[in-house]
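Here, residue 1 is the first one in the sequence, and each next residue gets the next number.
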Amino acid sequence: MSTPIQQLMSLEGRTALVTGGSRGLGLQIAESLGEAGAKILLSSRKAADLEEAAAQLQAKGIDTRWVAADASQPEDAQRVVAEAMERLGRIDILVNNAGATWGAPAETHPLEAWDKVMNLNIRSLFVFSQAVANASMIPRRFGRIINVASIAGLGGNPPEMQTIAYNTSKGAVVNFTRALAGEWGRHGITVNAIAPGFFPSRMTKGLLATLGADKMAAHAPLHRLGDDDDLKGAALLFASAAGKHITGQILAVDGGVSALTGG
Ligand SMILES: NC(=O)c1ccc[n+]([C@@H]2O[C@H](COP(=O)([O-])OP(=O)(O)OC[C@H]3O[C@@H](n4cnc5c(N)ncnc54)[C@H](OP(=O)(O)O)[C@@H]3O)[C@@H](O)[C@H]2O)c1
């Protein structure tokens with residue numbers, strides 16, 4: 001007997017913690033999971049932005065709470081998970097989305113900036129995943145972890161983009177996803193990653209202004225940048241029962257850019 005697709009893709013009764021959920025791609029993913037029925041807890045550093053994002057989701061009828069914290073600080077990450085457990089009762093879905101970049105030529109890239117990028121983009125994914133798995137997913141034998149990687153983790157950049165720490169961190173996210181999927185399948189936890197191409201956001205604003213949004217779009221077979229809808233389907237697939245047989249996978253949502261290089 002098969003299950004109707006509406007039922008497979010419903011997140012009624014589920015709970016989700018989304019890091020970096022106050023804007024950009026994290027907020028888009030939170031909106032998708034919330035529209036499918038999940039209760040949402042957003043986290044990022046700035047309380048005012050979180051309040052605004054939560055109000056935006058609540059206006060759509062999504063049960064949304066928030067906790068302000070610096071994801072790159074392990075004690076803060078532990079506190080977010082403890083608060084999420086208290087306020088949601090359990091964490092079914094973890095979206096490891098908070099991330100940052102740094103632009104500098106490799107030969108002069110500051111070491112502090114390297115550490116900052118690594119601590120947020122990869123070390124914090126380990127800290128959050130471990131804390132959520134121990135608090136909720138392993139005891140309940142159920143979990144969905146969605147890591148936000150990047151096509152920058154699948155290869156190098158054109159010469160005008162110099163983000164060595166960022167590319168390295170996102171490459172690590174790709175293999176972290178596979179390795180964790182291998183370990184935690186036995187606990188009923190799936191671990192997958194979305195690798196976005198270029199989406200307009202605060203992170204890419206400067207780059208798109210310098211390089212030209214039209215020029216960046218022209219690199220993609222679909223001749224477009226990502227928009228406010230483009231991650232919703234991939235996130236829901238990995239979060240829902242429709243994706244229950246999928247783990248350790250990296251899905252590029254990039255207008256086809258990575259298809260050109262086989263990344
Ligand atoms: N936009 C793209 O084209 C693109 C492409 C590929 C991958 N990505 C990835 O997608 C993710 C989201 O990027 P975005 O474009 O949406 O960027 P964004 O608009 O800059 O949003 C980043 C989010 O992360 C939060 N954040 C940043 N530093 C944090 C920290 N130390 N602790 C907790 N939260 C922190 C920000 O809030 P606060 O500043 O208030 O903390 C914000 O909510 C990142 O992992 C990025 O690498 C983006």
Side-chain angles (χ1 to χ4, degrees), residues 18-29 42-50 53 68-77 80 94-129 146-177 193-213 215-217 219-220 225-226 230-231 250 252-255 257-258 261 263:
V18 183
T19 72
S22 63
R23 62 173 188 260
L25 308 194
L27 184 54
Q28 179 181 157
I29 293 171
L42 305 173
S43 185
S44 68
R45 289 169 301 178
K46 292 180 208 86
D49 289 359
L50 283 163
D70 183 343
S72 67
Q73 301 300 319
E75 323 75 54
D76 265 35
V80 171
L94 168 64
V95 182
N96 279 318
N97 163 79
T101 188
W102 191 276
E107 60 275 24
T108 54
H109 196 293
L111 187 57
E112 312 82 68
W114 173 279
D115 288 343
K116 215 173 153 185
V117 168
M118 288 295 169
N119 285 344
L120 180 62
N121 291 12
I122 180 64
R123 189 178 71 156
S124 93
L125 273 62
F126 170 61
V127 175
F128 266 101
S129 302
I146 302 170
N147 298 322
V148 177
S150 167
I151 56 167
L154 305 175
N157 292 325
E160 61 271 26
M161 279 178 62
Q162 298 177 318
T163 54
I164 186 69
Y166 184 75
N167 289 67
T168 306
S169 71
K170 294 297 183 178
V173 173
V174 166
N175 219 38
F176 171 76
T177 299
I194 298 173
F198 281 101
F199 282 68
S201 75
R202 203 175 299 176
M203 181 186 280
T204 54
K205 205 172 166 196
L207 194 70
L208 288 173
T210 313
L211 300 180
K215 205 172 141 207
M216 296 309 290
H219 282 306
L225 302 175
D230 288 333
L231 295 179
I250 318 301
V253 181
D254 64 350
V257 171
S258 59
T261 53

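Using the six-membered ring where Trp is involved, His109 and Trp102 have ring planes that are tilted, between 30° and 60° apart.
Pro196 places a side-chain heavy atom less than 4.5 Å from the side chain of Leu25. Put simply, the side chain of Asn157 does not reach to within 4.5 Å of the side chain of Tyr166, judged on heavy atoms. Taking 4.5 Å as the limit, some side-chain heavy atom of Lys46 sits within range of a side-chain heavy atom of Arg23. A 4.5 Å side-chain heavy-atom check between Leu211 and Met161 finds at least one atom pair inside the cut-off. For the pair Leu154 and Ile250, the minimum side-chain heavy-atom distance is below 4.5 Å. Counting heavy atoms from C-beta outward, Val257 and Phe198 have side chains that stay 4.5 Å or more apart. Between Val148 and Ile29 the shortest side-chain heavy-atom distance falls below 4.5 Å.
Between the CG atom in Asn119 and the CD atom in Glu112 there is a gap of 12.0 Å [rounded to 0.5 Å]. To the nearest 0.5 Å, atoms CE (Met203) and CG (Leu208) are separated by 12.0 Å. Distance check: Ile194 CD1 to Ser150 OG gives 12.0 Å after rounding to the nearest 0.5 Å. Here the straight-line distance linking atom CZ of Arg45 with atom CG of Leu50 works out to 10.5 Å at 0.5 Å rounding. Separation of atoms CD1 (Ile164) and CD (Glu107) is listed at 10.5 Å; rounding is to 0.5 Å.
Scanning all heavy atoms of the two residues, the minimum distance from Asn97 to Gly20 falls at ND2-O, 3.0 Å. In plain terms, the two heavy atoms of Ser169 and Val117 that are nearest each other are OG-CG1, 3.9 Å. Taking all atoms of both residues into account, the shortest heavy-atom contact from Pro105 to Gln162 is CG-OE1, 3.7 Å. The two residues Ala213 and Leu225 have their closest heavy-atom pair at CB-CD1, 4.0 Å. Of all heavy-atom pairs spanning Ala53 and Leu42, the tightest one is CB-CD1, 3.9 Å. In terms of heavy-atom proximity, Val174 sits nearest to Ala149 at CG2-CB, 4.2 Å.
At distances below 3.5 Å, at least one donor-acceptor pair connects side-chain atoms of Gln28 with backbone N or O atoms of Leu231. With hydrogens and angles disregarded, no donor-acceptor distance shorter than 3.5 Å links the side chain of Ser258 to the backbone of Ile151. Checking side-chain atoms of Thr204 against main-chain N and O of Phe199 turns up a donor-acceptor pair under 3.5 Å. At distances below 3.5 Å, not a single donor-acceptor pair connects side-chain atoms of Ser129 with backbone N or O atoms of Phe126. No donor-acceptor pair under 3.5 Å is formed between the side chain of Lys170 and the backbone N or O of Gly155. At least one donor-acceptor pair under 3.5 Å links the side chain of Asn121 to the backbone N or O of Ala100. Checked by atom type and distance alone, the side chain of Asp76 never pairs as donor or acceptor with a backbone atom of Ala71 at under 3.5 Å.
Between the side chains of Asp49 and Ser22, no donor-acceptor pair is found at a separation under 3.5 Å.
More than 12 heavy atoms of other residues, nucleotides or ligands shown are found within 6.0 angstrom of CH2 on Trp114.
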